[in-house]
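Structure in C-alpha cells, see below.
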There are 2 protein chains.
Amino acid sequence: MINHYYKNKSRFLVAADCIIFGFKEKELHVLLTRRPVEPLAGEWSLMGGFVAENESLEAAAKKVLYDYTQQEGIYMEQVNAYGEIDRDTGGRVISVAFYALVRLEEFDTSLAQKFDAKWINIKELPKLIFDHNQMVKDALTLLRFKVSMEPIIFEFFDEKFTLPALQDLYEAIYQREIDKRNFRKKLSSMEILDKLDIKDTLSSKRGAFYYQFNEEKYNDLLERGKYFSL
Amino acid sequence: MINHYYKNKSRFLVAADCIIFGFKEKELHVLLTRRPVEPLAGEWSLMGGFVAENESLEAAAKKVLYDYTQQEGIYMEQVNAYGEIDRDTGGRVISVAFYALVRLEEFDTSLAQKFDAKWINIKELPKLIFDHNQMVKDALTLLRFKVSMEPIIFEFFDEKFTLPALQDLYEAIYQREIDKRNFRKKLSSMEILDKLDIKDTLSSKRGAFYYQFNEEKYNDLLERGKYFSL
DNA sequence: ACAAAAGTGTTCACACTACACCCATGG
DNA sequence: CCATGGGTGTAGTGTGAACACTTTTGT
C-alpha cells in the first residue's frame, strides 16, 4: 500500500553554488565567472550547477568544483540554502551554497580562459547576480568562524608555507592587521607545525623558512583536551 | 527569446523540518511527533512540511511552526540543507532544517494532543526517522554557538524570567554546571537586564526577582563597541 | 652600506575560575 | 526553628594585546 503523502507536491529546481576561495598576491580571492546564459548573461556570477536526480547536494557541489578547478579532495562546506521565491529571475530555483578552499599554486590558469572565469580580490567584489553577494558574505562569515576554530587555513596551501605568508592570509581573511610576534607565539604554542630546512627566497632576501601542518601533532593536541584556535 | 538552461533539469520535493526547542522542568526539550504517514508511520519525527510553489523556505518553516504551536514571531534560524539521495526512504526529498525557540508558558497543550506531539527532554532523545537525529545534533551545535554570541536565550521566556531559571536554562543548553556568582557577574556586567519589583515565589520560599531583557540597553552595549557574550 | 623582510620576549590589562557564607521565607 | 533555595565579593590564574630591536642577504 502506497500513500499519497509525496504526491501532488511542488517540485523545484535545486542548484549548488560554490564560493571558491583562493589566496593570491597577499589577498583573498574568489573565483567568479561571466554568466553564460540568460537572464543576466555576461554578469558576474558564482560557479554553480543544477543538482541531478541521482546526486546529493554535496556531490553536485563537488562536481561544480571539479569542473572549474580540475582539483579533487577540495575542502568544502555548506553555507546555507537560499529559497526566496524571486531570488533567481529566470525561474524558481532553490540554491544551496558551499564554500571551498583551493590551492592556487596548483590552479591551471587555462581553465579560467575556458570558462571566462577570473580570480577577484575579495576587497573589490563586483555586483553579482541574484543573491550571490549575500552568499559570498555568508560564506566569508562562516569561513572566518571556521578558520578560528579548526586548522582549515592550511587548505589554502600546497603542503608547505612560510609563516609570513600564513600571516598575510590570516590578515586577508579577517581584513585586519595583527602582531607578528603574537601570531607566531600562538601557532608555536599549539605545536602543530613542522619546520622544514628549506627557505622560500622568492619573496625576501633573507628568505623565510617553510613549515608544514602536521596532522598527527594536531591529533595529539586534541587528545590532550586542547583545541585549535587562531 | 527564452533559453533552455532551466529546461530538462531534475526537480525535487523540498521539505522544511523544524527543531522546536522549549524550556521546561529545568531541561531543554524538543517537540516531536509520531509520524502520521508511511513509510515509518508511528516513528518519532521532527515537525515538517513540504515547501509550496509560492513559498520561500523561511515561509514554509514559519508555517510549520505556526501549525504546531499557534505562535507567531517565533525566533527561527536555518541550520542546514540535507540532500543525501536516500535520506528519505519514501522518495527523493531535499530537506532544509530550521531550529526555533518557543515560549512554553504560552504553549497550548491541546495542540500536542491533536498532532500526537510531545515535548521530549533533549537528554532522552529517541531514535528519529531518516536523518532527523543528525538535524537535532546540528541544531544544538548551532544553538549553543548562537546563545553564546547573541541574546537569543531570552526567546525561551515570555518577557520576564528569574536569574535561577535563566541559569538552569543555560546549564540545560550546554549540559554542564556553572558557578552562580560568575554567571550573574557576567550578566550584570553587560547591563542589558531590568530588575523588576516582583518575585517568583512558586519555585522557592524566599522567591527570586524577575528580570527583563532590555532591547535598548542591548543596543547601547553594541554602540559602545561591546558584544553580548555568555 | 643600505634597504627590506625575517625573526625573537616581556610587560600589562583584563577576563575567567574557584570558592563560602548570609538571607528570606514557608511550613 | 529549620530546611530550601536566593543572593553576594575576592583572590589567583591564564590569555590576549601592546610594543622595538637584531639578523640576514641581495643589490
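A note on names: the letters A, B, ... follow the listed sequences, proteins ahead of strands, and every chain is numbered from 1.
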Minimal heavy-atom distance between B:A139 and B:Y99, with the atoms involved, is CB-CB, 4.0 Å
Quick check on contacts: within residues 200-209 of chain B, what sits under 4.0 Å from DNA chain D by heavy-atom distance? B:S203, B:S204, B:K205, B:R206, B:G207, B:A208, B:F209
Cation-pi geometry met for A:R35 and A:W44 (6.0 Å, 45°): no
For atom CG of B:L166 and atom C1' of D:dG7, their distance in whole Å: 15 Å
Once side-chain hydrogen bond (donor to acceptor under 3.5 Å, both in side chains) is applied, do any residues pair with B:D200, and if so which ones, sequence neighbours excluded? B:S203
Find which nucleotide of DNA chain D each of A:S229 and B:Y211 is nearest to by heavy atoms, and output the residue with the more 5' nucleotide. B:Y211
Between B:L57 and A:Y82, is there a side-chain heavy-atom distance shorter than 4.5 Å? no
Report yes if the side chains of B:R103 and B:F157 come closer than 4.5 Å at any heavy-atom pair, otherwise no. no
Show every donor-acceptor pair shorter than 3.5 Å between a side-chain atom in residues 140-147 of chain B and any protein atom, with sequence neighbours excluded, or say none if there are none.
| residue | atom | partner | partner atom | Å |
| --- | --- | --- | --- | --- |
| B:T141 | OG1 | B:K137 | O | 3.0 |
| B:R144 | NE | B:I173 | O | 2.7 |
| B:R144 | NH2 | B:I173 | O | 3.1 |
| B:K146 | NZ | B:E77 | OE2 | 3.3 |
| B:K146 | NZ | B:E150 | OE2 | 3.4 |

Work out which heavy atom in B:V102 is nearest to a heavy atom in B:Q71; give both atom names and the distance. CB-OE1, 4.0 Å
Based on the rotation axes of five pairs at each end, what angle does the helix from C:dA1-D:dT27 to C:dG27-D:dC1 bend through, to 10°? 0°
Please list, in numerical order, the residues of residues 151-164 of chain B that have a heavy atom closer than 4.0 Å to any atom of DNA chain C. none
Between B:D168 (CG) and D:dG5 (P), how many Å, whole number? 11 Å
Does a side-chain heavy-atom distance below 4.5 Å link B:V96 with B:D17? no
Do side-chain atoms of A:K185 reach the backbone of A:K180 as a donor and acceptor pair under 3.5 angstrom? no
Pairs meeting criterion side-chain hydrogen bond (donor to acceptor under 3.5 Å, both in side chains) with involvement of residues 151-167 of chain B, two or more places apart: B:Q167-B:E171
Tell me whether the rings of B:F130 and B:H132 are parallel (<30°), tilted (30 to 60°) or perpendicular (>60°). perpendicular
What do the steps show when you test B:F213 against B:F154 for ring pair (Phe, Tyr, Trp, His ring centres under 6.0 Å), and what is the final call? CA-CA 7 Å; B:F213 174 63; B:F154 310 112; 4.8 Å; yes
Do A:L31 and A:I19 have side chains that get closer than 4.5 Å, going by heavy atoms? no
Of all pairs that satisfy ring pair (Phe, Tyr, Trp, His ring centres under 6.0 Å), the ones with a partner from residues 178-210 of chain B, not counting sequence neighbours: B:Y170-B:F183
Looking only at atom types and distance, does a side-chain atom of B:D179 sit under 3.5 Å from a main-chain N or O of B:N182, one as donor and one as acceptor? yes
Where along residues 169-182 of chain B does a heavy atom fall under 4.0 Å from DNA chain D? B:K180, B:R181
Residues B:E27, B:K123: salt bridge by 4.0 Å N-O rule: yes
When you measure from every atom of DNA chain C, which of residues 184-197 of chain A have a heavy atom less than 4.0 Å away? A:R184, A:K185
Donor-acceptor list for residues 111-118 of chain A side chains, cut-off 3.5 Å, not counting sequence neighbours:
none

What side-chain donor-acceptor pairs closer than 3.5 Å can you find for residues 216-223 of chain B, not counting sequence neighbours?
| residue | atom | partner | partner atom | Å |
| --- | --- | --- | --- | --- |
| B:K217 | NZ | B:L193 | O | 3.4 |
| B:K217 | NZ | B:D194 | OD1 | 2.6 |
| B:N219 | ND2 | B:E215 | O | 3.4 |

Segment of DNA chain C, first to last nucleotide, that comes within the 4.0 Å heavy-atom reach of chain A: C:dA3 to C:dT10
